[in-house]
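Worksheet for the structure shown next.
These numbers come from the heavy atoms of this one structure, side chains and all, not from hydrogens, waters or symmetry mates. Just so we're on the same page: letters track the sequence lines, and every chain starts at 1. Model, not experiment: these values are computed from the prediction.
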There are 2 protein chains.
Amino acid sequence: MTIRLLLADDQELIRTALERLFDLEGDFAVVASVSRGDEVEEAAARTRPDVALLDVEMPGLDGIAACARLAARVPACRCLILTTFGRPGFLRRAMESGAAGFLVKDAPFDELTAAIRQVAAGGRVVDPALAAATLARGASPLTPREADVLRTARTAATVADIAAALFLSEGTVRNYLSAAIAKLGARNRSEAVRLAEDEGWV
Amino acid sequence: MTIRLLLADDQELIRTALERLFDLEGDFAVVASVSRGDEVEEAAARTRPDVALLDVEMPGLDGIAACARLAARVPACRCLILTTFGRPGFLRRAMESGAAGFLVKDAPFDELTAAIRQVAAGGRVVDPALAAATLARGASPLTPREADVLRTARTAATVADIAAALFLSEGTVRNYLSAAIAKLGARNRSEAVRLAEDEGWV
DNA sequence: CCTGGAACCTGACAAACGTCACGGGTCATC
DNA sequence: GATGACCCGTGACGTTTGTCAGGTTCCAGG
């Protein structure tokens with residue numbers, strides 16, 4: 001029985017590379033290959049893959065959100081999240097989105113194929129080192145709104161920009177930022193943004 | 001005549017994937033494969049590859065700097081820079097470092113093999129879209145010192161931190177930051193850092 | 001030799017930021 | 001029905017930033 005695969009990654013090079021290698025593997029069949037997160041759902045509904053390999057960093061929709069949509073729309077398809085950055089928060093969010101597996105790209109190819117087979121068989125796969133880091137570090141200390149403000153702060157320059165984007169008063173934004181800075185042990189906004197990004201909390 | 005290849009990329013997955021695909025290609029032989037930029041020079045000196053495939057983002061030493069060292073130490077080895085992010089400044093810096101080619105990872109595998117063959121034959125290869133963007137945008141407007149300050153500002157939280165790291169007075173740092181912000185048309189430090197990063201000027 | 005640019009520094013100022021204290025409101029839990 | 005968490009807001013305070021004007025060195029080019 002061959003395993004039907006969906007590939008989602010914005011990097012054409014690694015997508016084509018993986019396609020070819022999976023073809024050589026014998027028991028894999030790549031039935032869909034997309035470069036954007038918002039194309040995953042439609043492609044999966046059409047091609048009915050057994051396992052979807054989703055990159056976290058993608059235009060349109062990130063892999064974790066795509067995973068959540070797949071769980072609702074194509075429940076038969078199990079998700080394996082693949083990412084460049086081993087952020088503890090990513091793993092947590094992925095698992096909450098119903099992902100069956102989570103691997104960092106910093107792993108050999110054979111580990112990937114083994115993981116896919118395990119996921120296809122109904123199992124779960126998680127990078128052990130990352131799992132330990134996630135459990136040790138715990139969940140995000142940020143409230144949803146604090147995370148929103150911090151996320152917006154990544155691209156907005158001033159407090160006024162953040163307030164405008166979120167339809168809040170500037171004072172409120174400053175309060176959320178202050179709370180986030182304190183919780184993260186940062187010394188100012190940009191350090192807080194960096195820390196939150198490193199943990200995958202935004 | 002087979003082309004001897006050196007692979008340098010911090011992502012194990014794409015390195016092993018490329019290794020296997022190159023083996024299948026027939027006229028390629030991967031003679032070295034490293035995960036850190038500071039291992040490139042030694043590996044190249046030992047294995048004498050024809051072409052080195054260097055990722056820009058690597059721990060230890062970035063691919064562009066590794067390219068410059070190779071040019072001095074192993075001049076017979078020609079460098080092909082491979083990167084995830086198509087930043088105009090990267091291309092410029094790569095070419096100034098003596099790279100023979102520059103490709104973004106957002107390209108099919110066949111384009112990569114074609115590029116390697118061309119580079120091995122003594123030619124030069126550059127992503128056309130990126131070349132146009134680079135020429136249109138011109139060189140960095142920042143003085144070396146301004147770029148230093150901006151680079152340090154990425155990881156330092158306060159002006160005092162930057163000043164300490166660069167052995168400058170706080171006033172001087174503020175002046176450089178102010179100049180950089182003005183030149184980049186930014187509204188504050190963090191926006192300036194973002195813009196400079198996007199262009200590959202830091 | 002003189003000019004210009006880049007590297008440094010100082011001092012001063014307004015604006016933006018981070019903090020604090022204090023309101024209000026909703027909602028789930030006990 | 002009280003408690004607590006989260007959501008929003010205000011006002012005030014001190015600190016940090018960004019800007020500007022001024023100065024000193026050094027070095028390359030005309």
Side-chain angles (χ1 to χ4, degrees), chain A residues 89 92-93 96 137-202, chain B residues 89 92-93 96 137-202:
Chain A
R92 183 174 296 270
R93 279 167 51 208
E96 286 168 357
R137 224 169 291 229
S140 169
L142 304 172
T143 70
R145 220 48 180 146
E146 286 162 1
D148 283 345
V149 172
L150 228 45
R151 183 173 22 256
T152 309
R154 290 189 300 179
T155 54
T158 73
V159 171
D161 291 343
I162 306 174
L166 264 36
F167 304 105
L168 291 176
S169 93
E170 298 189 17
T172 304
V173 171
R174 278 213 295 271
N175 284 337
Y176 282 141
L177 283 174
S178 185
I181 290 168
K183 284 181 179 177
L184 297 176
R187 302 215 301 293
N188 56 38
R189 186 189 318 180
S190 40
E191 196 176 22
V193 167
R194 262 204 317 278
L195 290 171
E197 279 181 339
D198 286 347
E199 301 286 355
W201 289 337
V202 289
Chain B
R92 182 174 298 270
R93 279 167 51 207
E96 286 168 358
R137 226 170 289 230
S140 169
L142 304 173
T143 70
R145 218 48 179 146
E146 285 162 2
D148 283 345
V149 172
L150 229 44
R151 183 173 21 259
T152 310
R154 290 190 301 179
T155 54
T158 73
V159 171
D161 292 343
I162 306 174
L166 263 36
F167 304 104
L168 292 177
S169 93
E170 298 190 16
T172 305
V173 170
R174 279 212 292 273
N175 284 338
Y176 282 143
L177 282 175
S178 186
I181 290 168
K183 284 180 179 177
L184 297 177
R187 301 216 301 293
N188 56 39
R189 185 190 318 179
S190 40
E191 197 176 21
V193 168
R194 262 205 318 279
L195 289 171
E197 279 181 339
D198 286 347
E199 301 287 353
W201 290 337
V202 289

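Close to C:dT10, at under 4.0 Å from its OP1 or OP2, lies a side-chain N or O of B:Ser169. For B:Thr172, a side-chain nitrogen or oxygen approaches OP1 or OP2 of C:dC9 to under 4.0 Å. The side chain of B:Arg189 contributes an N or O atom lying less than 4.0 Å from OP1 or OP2 of D:dG18. For the pair B:Thr143 and C:dA7, the criterion of a side-chain N or O lying under 4.0 Å from OP1 or OP2 is met. Listed pair A:Ser178 / C:dT19 meets the phosphate criterion, a side-chain N or O lying under 4.0 Å from OP1 or OP2.
Looking at A:Asn188, its side chain has no donor and acceptor atom pair within 3.5 Å of the base of D:dT17. With hydrogens and angles ignored, no donor-acceptor pair under 3.5 angstrom links the side chain of B:Asn175 to the base of D:dG18.
Looking at which nucleotide of DNA chain C each of A:Gly171 and B:Gly171 is closest to, the 5′-most match is held by B:Gly171.
Here the P atom of nucleotide C:dC17 and the CZ atom of B:Arg187 are 10 Å apart, to the nearest Å. Across the protein-nucleic acid pair, A:Arg174 atom CZ and D:dT16 atom P stand 16 Å apart, rounded to whole Å. When rounded to the nearest whole Å, the span between NZ of A:Lys183 and P of C:dT19 equals 13 Å.
Closest non-hydrogen pair, A:Glu197 versus A:Val202, comes out as CG-CG2, 3.7 Å.
Among the heavy atoms of the strands lying under 4.0 Å from A:Arg145 are primed sugar atoms or P, OP1, OP2 only; no base atom is included.
Side-chain N or O atoms of A:Glu146 include none that pairs as donor or acceptor with a backbone N or O of A:Leu142 at under 3.5 Å. B:Arg194 places a side-chain N or O within 3.5 Å of a backbone atom of A:Thr155 that can act as its donor or acceptor partner.
The listed nucleotides are D:dC8, C:dC17, C:dA7; the one nearest the side chain of B:Tyr176 is C:dA7.
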Practice task
Please lay out, stage by stage, how B:Arg151 and B:Asp148 fare under the test side chain to side chain contact (heavy atoms under 4.5 Å, CB included).
Solution key: CA-CA 5 Å; B:Arg151 183 173 21 259; B:Asp148 283 345; 2.6 Å; yes
